[in-house]
Every structure is written in C-alpha cells, then in structure tokens.
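Order of the sequence lines sets the chain letters (A, B, ...), proteins ahead of strands, with each chain counted from 1.
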Amino acid sequence: MATPEEITQGLNPEQAEAVRHVEGPLLVLAGAGSGKTRMLTHRVAHLIASGAAWPHEILAVTFTNKAAREMRERVERLLGGGTRGVWVSTFHSTCVRILRREISQLGYESSFAIYDSDDSLALAKRVLKALDVDEKTWPPRSVRAAIDRLKNRGMLPADLAQESSLHGRRLREIYQRYQMELRRANALDFGDLLLLCTRLFENHPGVLAEYQRRWRFVLVDEYQDTNPIQYRWLRLLTAAHRNLCVVGDEDQSIYRFREADIRNILDFEKDFPGAHVVRLEQNYRSTQPILSAASAVVANNVERKGKRLFTQRGGGERVRFYEAADERGEAAFVVGDLLRLRETGESLANAAIFYRTHAQSRPLEEELLKYNLPYVVVGGTRFYDRAEVKDALAYLRALRNPADTESLLRIVNTPARGIGRTSVERVLLAAEEAQTTFWDALVRGLGALSPATQKRVGEFVALMRELARSLEGESLAQPLAQLLERTGYLRALEAENTVAVEEFERQNRESEAGDDGPRTLVDLFLEQVTLLSEADGLENTGARIPLMTVHVAKGLEFKHVFVVGLEEGIFPHFASLEDPSAIEEERRLCYVAMTRAMERLTLCNASLRRMHGSVRYNAPSRFLAEIPDELIVGRRGRVALPVPRESPPPRDAGPRIDYSDSQLAPGEDLPGVGQRVEHPIFGAGRIMEVVGGGAAAKATIRFDRAGMKVIKLKYAQLRLLD
DNA sequence: CTGCAGGGATTCTCC
DNA sequence: ATCCCTGCAG
C-alpha cells in the first residue's frame with residue numbers, strides 16, 4: 001500500500017491541500033479540466049493510507065455509474081487492492097442498497113421493482129384514466145414531469161395539503177393515486193429512491209444513526225448538479241460528523257430541468273459554517289485559446305462565483321467556426337474535416353461530435369455512412385430501451401414481483417395471445433373492486449371473462465408459473481433463453497441478449513461478496529439495467545467517432561471536438577429563450593461543450609435547417625458572438641476554394657475553410673484581430689481577420705455601416721479606436 | 001381480438 | 001418528421 005506522502009506526490013498545492021484535509025466540511029471548486037477526479041481519488045486513498053478512515057467508512061457519491069466505476073478503478077490502482085469496502089456509487093444505487101435492507105419500515109417489500117420513466121408514464125396514464133381526468137388539460141407527460149419535480153424537491157402528496165387552487169387540489173389527487181398505485185405494485189420510481197430514503201432517515205432516527213456511524217466520510221462529485229432532495233439526503237447523512245467533501249463547478253451545472261439547484265454549491269459555506277474552501281483553477285486539459293474562449297462565454301453569466309482558469313500550455317490553435325448553408329452542409333463540413341484528420345494519421349476515437357439534442361444526429365450519421373466512417377451514437381436509444389428488450393425485461397420483472405402491474409400489462413398480451421384491451425380493462429376493474437393486484441385478479445379469474453378468454457388467461461398464468469420456477473436456479477442466461485423460447489418471440493434478439501447476459505453473469509459471479517442477503521442474479525440484473533445511464537454506453541467503442549449530446553459529454557475529454565447547431569433556438573434551445581435563468585444554463589452547457597476539447601475546437605451552424613418537417617432560418621447562436629474575435633477564426637461565409645497540396649484532401653470531402661493562419665505561436669502577440677478601427681471612408685469597424693504579414697498584410701474588417709471589406713493594411717489609413 | 005390507416009399534437013437535456 | 005391515439009374492417 002502506498003504511503004500518504006506518495007499519494008500527495010505529483011499533486012499541485014491546491015489539490016494536495018484538498019487531499020490532506022480530514023475533519024469538517026470541505027468545498028472544492030474545481031474548474032473544467034482541473035484534475036477534479038484525481039483530487040477525489042487521491043483524497044479517498046489518502047484517508048485510508050493515513051489511517052484517518054477504514055475503507056468501509058468512506059462513501060463516494062457520483063451521478064453516473066461510469067463515473068463511479070472510473071473512480072473505483074483509480075482508487076484501486078492508487079492503493080493496490082486495499083480498497084475493499086469503500087462505497088463508490090451513484091446517488092440512486094446507494095439509496096437502492098439502503099432501501100433493500102430497510103424499506104420494510106416504510107411498508108414496502110424489499111423485493112420492490114424500480115420503474116423507469118416509461119413505466120412511470122404508463123402508470124400516470126392509467127391513473128388519469130381511472131380518475132377520469134381530461135387528458136387535454138392534464139397531458140400525461142406533464143403530469144409525470146410535475147410529479148417528478150415534486151419528488152426532486154422532496155414533496156409527497158401530503159406536502160401539498162395547503163394547496164387551495166382547483167388545479168393544485170387536482171394535482172394532489174392525481175399524485176396521491178399515482179403513489180398509491182406504486183405502493184400496490186411494490187414499485188418505486190426514480191424519484192422515490194431518493195425521496196423514500198430521505199423519509200426513512202427522517203422518520204427512523206435509529207436507521208439514520210446507523211448509516212451516519214457507518215460512513216464517517218462522505219464525498220460528492222458534481223455537487224453543482226444536486227437537487228433539493230439530494231441535498232436533504234446528504235445533510236441528514238452527514239449531520240453527526242459533518243465530514244462532507246463536495247466537489248463541483250457552478251459553471252457546469254446543467255441539470256436544472258431535474259431540479260438541480262445551483263444555490264447548493266453557491267451557498268455551501270453558508271449551509272456548512274466553517275467549511276474549508278479550496279479552488280482548483282489550473283487547467284490541464286485545454287490549450288489557452290480554447291480555455292479563454294470558453295471562459296469568455298461563461299463570463300456572461302450572473303449566477304456564478306467567478307474564477308480564473310489558467311493553463312501552462314502555450315500556443316495552440318484558435319477556435320474554428322464554420323457556417324454552412326444547411327444541416328447537410330454542416331454535416332459535410334464536419335465529415336470532410338474528419339477525413340482530412342484521418343489522413344494525418346489521427347485516430348478517429350480522438351475526435352467527438354456534440355449536439356444539443358439527439359435528433360440532430362441524423363444528418364451526421366448519414367454523412368458518416370456515406371464515407372464509411374465508423375461512428376457510435378452514445379445515449380439515445382440504449383440497448384435496454386428497445387421495445388423487444390423491454391418486453392423481455394418486463395417478463396423478468398413480473399416474474400420476480402407479480403405485484404408489478406405495469407410490467408404485467410406490458411406482457412400479458414405480448415406476443416398477442418388473445419387477451420385484448422377489453423379483457424384487460426375488465427380484469428383491472430375487478431382487481432380495483434376486490435382491492436387486489438392485477439396478477440391476483442388474473443389468477444383468481446376475476447373480471448367475468450368469456451370462457452375462451454378465461455382459458456387463455458389460465459394458460460398465461462401457467463406459463464408465468466413455469467417460468468418462475470426456472471428462475472429459481474443459479475443461472476440467468478439459461479432461464480432467459482427458455483423464456484424467449486417459451487414466449488415464442490424475440491428469436492432475432494436471442495443471441496445478442498444471451499451474450500450480454502452471460503457477460504453479466506461472469507462479472508457478478510466474481511464480485512459476489514455482498515451483504516445484500518438472499519438476492520438472486522436476476523434481481524441484480526434488473527436493478528443494474530434500470531439504473532444504467534446514458535453515458536454508460538461509452539465503453540469499448542474502439543476507433544469509432546462518438547456522437548453525443550453535450551449532457552452526455554460532461555466529464556469526458558477529446559483532442560478534437562466538433563459542436564454543431566450553434567443557432568438561436570437550437571443552442572440555446574427554444575424553451576429557454578424567454579427565461580434569463582434558462583439561458584444561463586444553456587450558456588453553461590456551451591461552456592461544458594467547449595471545455596471538453598484538448599487541442600482543437602470547431603463550432604458549426606447552418607443558416608437553414610430542416611426540422612420537424614419544416615424549414616427554419618435560425619440566427620447564429622449568441623454564444624458565438626460572446627467569443628472574442630481574436631480567439632476564433634473562420635467567421636461566417638468565407639469558404640476558401642480547395643487548395644491543391646502535396647497530399648490533397650480526399651475528393652468530395654465536403655467544404656473546407658483555409659485555417660492555415662489559425663495557429664498561434666507560443667508567446668506571440670495576438671494579431672490585431674478584434675481591434676476596433678476607423679477608416680477614412682468606411683467609418684468605424686472591427687478587424688475580423690488578418691492574413692499575411694508585412695507589406696502584404698490584409699485585414700478583413702466588418703464595418704458598422706459598410707459591411708465586410710478586405711483592406712490592405714499598407715495603404716489604409718486606419719486609426720485605432722479604444 | 002387484431003391490424004392498419006388516418007388525423008392531431010409535439011418538438012430538449014436524464015438518474 | 002414522428003409519435004400516439006382512435007376508429008374501422010376483417
């Protein structure tokens with residue numbers, strides 16, 4: 001095992017300070033690329049190596065499984081094994097594990113199912129129908145979102161009691177019924193995991209005390225993205241010892257829609273008096289132009305503490321910008337650039353393409369396919385989101401937890417076995433009347449079905465019982481195969497599925513150490529599948545170009561980054577245009593996107609875009625204008641002709657810009673780009689670009705009145721302004 | 001009960 | 001463009 005001294009070696013003074021801090025609250029403000037994960041992992045290792053804590057006394061919480069996995073691996077590498085017992089886990093997984101042990105205190109069974117957003121939506125629809133609520137005034141999606149918001153803010157139906165408006169009372173009623181149905185199904189939705197765990201802590205002090213004793217040190221990554229219920233949970237968990245270390249960057253808070261509250265990080269020192277504060281401001285990732293450009297953009301935000309990131313990497317290319325005629329031209333430009341990049345011997349895995357919304361991937365994919373460039377869309381429809389896979393999972397879930405009505409509804413007639421809508425409705429109603437579950441009603445033959453239908457229901461019940469028996473064994477792949485066979489569909493999927501499941505079995509056989517009680521492989525599998533996140537797909541992607549949303553890109557870094565769709569209405573997105581606070585979030589999102597780039601950052605947009613079946617002309621994103629002129633090249637519309645070189649670019653490789661002057665030599669003064677000048681004839685303007693040197697130097701100037709002109713500096717009588 | 005056609009609404013980020 | 005719902009024919 002490494003010594004404490006070895007662990008702090010190679011850290012910068014601020015990182016080392018945060019790593020050595022032991023008792024009491026600690027706030028680490030870590031700018032993009034400042035070695036945040038490094039600090040966290042070294043801190044965990046240091047706590048153990050210095051004897052301040054046993055491994056099992058440490059809890060490190062992240063937002064994604066991927067981040068958790070990475071942190072765990074890095075801690076292990078640092079300590080060489082002695083990390084068994086350290087809990088590195090997401091908020092949701094941590095709560096699941098606590099609830100599996102304790103939830104009987106809240107009147108659920110420990111075998112509870114976890115509903116994902118689709119399940120929640122289906123349940124919301126069912127509730128709205130049962131309450132006979134008009135779906136026009138209460139769109140199911142909005143209802144689901146409203147309930148989710150309430151949960152993220154820590155509110156159960158009872159907390160809406162004082163609500164007096166008709167709308168408010170109605171929502172309360174719907175929420176109450178929704179919650180009741182969840183309980184009847186012995187299921188928790190995502191929001192419940194945090195909310196119920198917090199309620200458990202609040203109402204059962206003995207349980208809380210046990211976990212407070214167990215985890216004497218709590219570390220939280222991406223603290224700027226915590227929402228009120230996560231905040232409450234953390235406060236409770238650390239109330240006894242206050243050994244809470246949070247790491248975050250207010251400029252990277254991008255989950256407002258999930259009720260993330262940026263004030264959690266802004267007010268940390270107020271909330272935890274005596275908190276020690278460390279700022280990590282040295283960036284180890286990006287070149288200066290990229291860092292400066294990103295900083296200049298986010299500097300336009302009001303809701304921030306403000307910081308100065310710096311790097312010791314001199315020189316570097318300026319940020320590049322390309323405006324295409326339409327979205328296909330945009331894709332063509334990006335792909336053309338990638339082809340040229342590959343010509344230089346660069347691996348395409350070092351590049352990435354980011355967009356604001358998943359829907360933007362389409363034209364890029366088409367263009368990539370055209371040139372046979374391998375790519376992978378990260379996120380979007382995950383394997384486990386595919387309808388057939390969800391069907392198979394619904395079988396497993398219903399088998400493990402027959403109370404899970406949502407899963408049963410999904411499969412009772414899938415594949416079609418003659419139990420149609422009407423029959424299902426009848427059984428549901430009968431179950432409601434008999435105050436029992438859907439499954440129980442099926443078993444008891446409630447609902448006054450026709451003999452033919454009754455027979456088919458009986459066959460379904462028999463099938464489920466048979467499958468349930470096969471799940472009792474050790475294996476998972478085997479009963480799953482049987483399930484797919486007996487249900488008579490999914491043949492095409494079978495092979496694929498089985499491989500994935502066998503891999504899962506292998507991994508979990510080895511790490512079977514748990515104090516989780518009598519839980520089967522199936523339960524573990526279902527749990528992990530449900531809690532998988534978007535970014536978790538980015539493993540073993542090989543030399544394929546990853547395409548992803550900016551949200552998915554958070555926490556990653558690439559040598560070459562392309563961001564497409566920098567247009568008003570896309571990025572920033574429509575929904576945020578009217579709300580200054582929402583615009584700030586979009587700006588942070590832009591900051592996140594830009595700071596992923598290590599060496600070269602390319603921003604693109606299209607003047608015309610076809611979307612949702614119509615044509616839009618979006619103005620260039622305001623964020624582009626916020627980048628100082630001297631840090632960006634290739635302003636709008638100046639596409640150079642392809643220049644034949646020694647190694648010509650691939651034919652037909654899309655449009656290109658001559659960026660030959662975009663390199664900044666280390667230490668070289670920036671050219672007069674961005675300078676305001678006055679011309680005797682054209683009046684005031686701003687230098688957009690300077691090409692060539694000495695007597696041949698020509699400047700492109702955008703005059704306030706006269707527009708763009710190219711002027712030979714030698715002859716022009718320019719007067720510098722400001 | 002099943003499958004298909006047509007119409008209306010919607011448009012984002014996700015654990 | 002796409003999803004989702006409803007209505008209708010077999």
Side-chain angles (χ1 to χ4, degrees), chain A residues 61-68 89-96 114-118 120-122 125 129 135-136 139-142 144-145 148-149 151-152 188-195 222 225-227 229-230 253-260 327 354-363 378-382 385 387 413-425 449-450 452-453 456 527-537 548-554 565 569-577 582 585-586 588-590 592-593 609-616:
Chain A
V61 193
T62 63
F63 276 83
T64 65
N65 294 297
K66 183 183 188 320
S89 191
T90 64
F91 273 104
H92 289 86
S93 307
T94 308
C95 287
V96 169
I114 302 169
Y115 277 8
D116 68 12
S117 357
D118 283 352
S120 304
L121 183 64
K125 277 182 195 160
K129 195 166 278 175
E135 288 207 2
K136 289 280 189 298
R141 292 177 66 92
S142 315
R144 199 204 73 80
D148 200 45
R149 254 196 313 279
K151 290 188 174 180
N152 283 330
L188 276 64
D189 65 12
F190 282 142
D192 276 345
L193 297 178
L194 262 299
L195 179 53
E222 310 275 18
D225 283 326
T226 50
N227 60 31
I229 193 66
Q230 288 163 332
S253 175
I254 56 173
Y255 284 103
R256 211 172 79 113
F257 66 92
R258 214 167 58 194
E259 299 297 296
E327 77 281 353
F354 303 159
Y355 35 73
R356 176 67 179 81
T357 67
H358 287 300
Q360 289 168 258
S361 74
R362 188 58 84 69
V378 187
T381 11
R382 304 169 297 173
D385 275 343
N413 199 32
T414 311
R417 50 172 71 88
I419 307 174
R421 260 198 308 265
T422 329
S423 308
V424 169
E425 287 294 329
L449 304 173
S450 71
T453 314
R456 291 191 282 256
E527 187 170 306
Q528 289 195 17
V529 161
T530 314
L531 294 178
L532 271 186
S533 73
E534 295 286 313
D536 296 326
M548 65 191 95
T549 64
V550 182
H551 282 89
V552 170
K554 183 156 86 152
I570 304 275
F571 199 177
H573 192 266
F574 295 106
S576 61
L577 294 180
E585 171 122 332
E586 296 287 314
R588 290 191 291 267
L589 202 49
C590 184
V592 167
R609 186 175 292 272
R610 278 163 285 258
M611 52 191 306
H612 310 303
S614 64
V615 171
R616 294 189 58 97

Regarding the side chain of A:S117, the nearest nucleotide among B:dT2, B:dC12, B:dC15 is B:dC15
Nearest-angstrom distance, C1' atom, C:dT6 to B:dT11:
22 Å
Separation of C:dG7 atom P from A:R421 atom CZ, nearest Å, is 10 Å
Of the listed B:dC15, C:dT2, B:dC12, the closest approach to the A:R356 side chain comes from B:dC12
**Prompt:** Do the two ring centres, one from A:H551 and one from A:Y255, sit under 6.0 Å apart?
**Reply:** yes
* Asked: For B:dC15, does OP1 or OP2 lie under 4.0 Å from any side-chain N or O of A:H551?
  -> no
Between CG of A:N65 and C1' of B:dC14 the distance, given in whole Å, is 13 Å
Practice task
Return the stacking result for B:dT13 and A:F257: yes when the ring centres lie under 5.5 Å apart and the planes under 30°, no otherwise.
Solution key: yes
Between CZ of A:R609 and P of B:dT11 the distance, given in whole Å, is 19 Å
Rounded to the nearest 0.5 Å, the CE atom of A:M611 sits from the CD1 atom of A:I570 at a distance of 4.0 Å
request  = Check the geometry between A:H92 and B:dC15 and answer yes if their rings are stacked (centres below 5.5 Å, planes below 30°), otherwise no.
outcome  = no
Classify A:R616 by what it touches in the nucleic acid, base, sugar-phosphate, or nothing, heavy-atom distance under 4.0 Å.
nothing
When rounded to whole Å, the CD1 to P distance for the pair A:I229 and B:dC15 reads 19 Å
- Parallel under 30°, tilted from 30 to 60°, perpendicular over 60°: which one fits the rings of A:Y355 and A:H358? perpendicular
- Message: Mind checking if A:Y255 touches a base, just sugar-phosphate, or nothing, with heavy atoms under 4.0 Å?
- Response: sugar-phosphate
Item to complete: With heavy atoms under 4.0 Å as the rule, sort A:S423 into base, sugar-phosphate or nothing.
Response: sugar-phosphate
(message) With a 4.0 Å cutoff (strictly under), does any side-chain N or O of A:N413 reach OP1 or OP2 of B:dT2?
(response) yes
Think A:T549 has a side-chain N or O under 4.0 angstrom from the OP1 or OP2 of B:dC12?
no
From CD of A:Q230 across to P of B:dC14 the rounded distance in Å is 16 Å
note: A:D118, atom CG; B:dC15, atom P; distance rounded to Å ~ 13 Å
> NA contact type, A:K125, heavy-atom cut-off 4.0 Å: base, sugar-phosphate, or nothing?
Replying inline: sugar-phosphate
In whole angstroms, the gap separating P of B:dC14 from CZ of A:R256 amounts to 16 Å
- Task: Check whether the side chains of A:T357 and A:Q360 place a donor and an acceptor atom closer than 3.5 Å, and report yes or no.
- Result: yes
Does A:R356 use its side chain to pair, donor to acceptor, with the backbone of A:F571 at less than 3.5 Å? no
When rounded to whole Å, the CD to P distance for the pair A:E425 and C:dT6 reads 11 Å
Sugar-phosphate only, base, or nothing, as touched by A:S576 at under 4.0 Å among non-hydrogen atoms
nothing
